[in-house]
Amino acid sequence: MISKNVGSTDRLIRGLVGIVALILFFTVLTGVLKWIALIVGIMMLATAALGTCPPYALLGINTCKMKR
């Protein structure tokens, strides 16, 4: 199982960015930018929902608060 490496503030920001990207996909963007916004939106919402980010894991980044 993959451990969580995305903290609550990071998840909130990712969720908001994902929602904005999907709104842009469905409303204003056209061409290649439209499809980039779709991919970014889905990835941001997925990492926010799951609480894990594969690039963070590869780079050793963890924004979760440490339990003491």
Side-chain angles (χ1 to χ4, degrees):
M1 180 171 182
I2 299 172
S3 62
K4 294 189 183 284
N5 60 3
V6 179
S8 59
T9 304
D10 197 357
R11 289 175 84 171
L12 177 66
I13 293 168
R14 287 170 182 267
L16 292 173
V17 169
I19 290 169
V20 169
L22 290 179
I23 289 171
L24 291 173
F25 169 78
F26 286 112
T27 57
V28 265
L29 295 178
T30 60
V32 175
L33 285 178
K34 179 176 183 167
W35 297 106
I36 291 172
L38 176 66
I39 293 168
V40 168
I42 290 171
M43 293 304 297
M44 287 293 179
L45 289 176
T47 57
L50 296 174
T52 186
C53 177
Y56 273 16
L58 290 173
L59 297 172
I61 299 170
N62 188 340
T63 60
C64 288
K65 292 198 170 153
M66 305 272 290
K67 292 182 182 179
R68 296 184 180 173

What is the distance from atom CE of Met44 to atom CD1 of Ile13, rounded to the nearest 0.5 Å?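 If I round to the nearest 0.5 Å, the distance is 10.0 Å.
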Look up atom CG in Asn62 and atom NZ in Lys4, then write down how far apart they are to the nearest 0.5 Å.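 If I round to the nearest 0.5 Å, the distance is 11.5 Å.
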Under the rule for side-chain hydrogen bond (donor to acceptor under 3.5 Å, both in side chains), what residues qualify as partners of Thr63, not counting sequence neighbours?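 Asp10.
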Among residues at least two apart in sequence or on other chains, which ones pass ring pair (Phe, Tyr, Trp, His ring centres under 6.0 Å) with Tyr56?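 Once residues adjacent in sequence are excluded, Tyr56 has no partner under the ring pair (Phe, Tyr, Trp, His ring centres under 6.0 Å) criterion.
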Is it true that [X] and [Y] fall in one hydrophobic cluster, defined by side-chain heavy atoms closer than 4.5 Å?
X: Ile36; Y: Leu16; result: no
X: Val40; Y: Ile42; result: no
X: Leu33; Y: Val28; result: yes
X: Ile61; Y: Val6; result: yes

Distance-minimising heavy-atom pair for [X] and [Y]:
X: Lys34; Y: Leu29; value: CD-O, 3.6 Å
X: Gly15; Y: Ala48; value: N-CB, 3.9 Å
X: Thr52; Y: Asn5; value: CA-OD1, 3.2 Å
X: Cys53; Y: Arg14; value: SG-NH2, 3.6 Å

Can you name the salt bridge (charged side-chain N to carboxylate O under 4.0 Å, His left out) partners of Arg11, sequence neighbours left out?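 For Arg11 there are no salt bridge (charged side-chain N to carboxylate O under 4.0 Å, His left out) partners, ignoring immediate neighbours.
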Identify the residue among Leu22, Leu24, Ile23 that makes a side-chain contact (heavy atoms from CB on, under 4.5 Å) with Val20.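 Between Val20 and the candidates, side-chain contact (heavy atoms from CB on, under 4.5 Å) is satisfied uniquely by Leu24.
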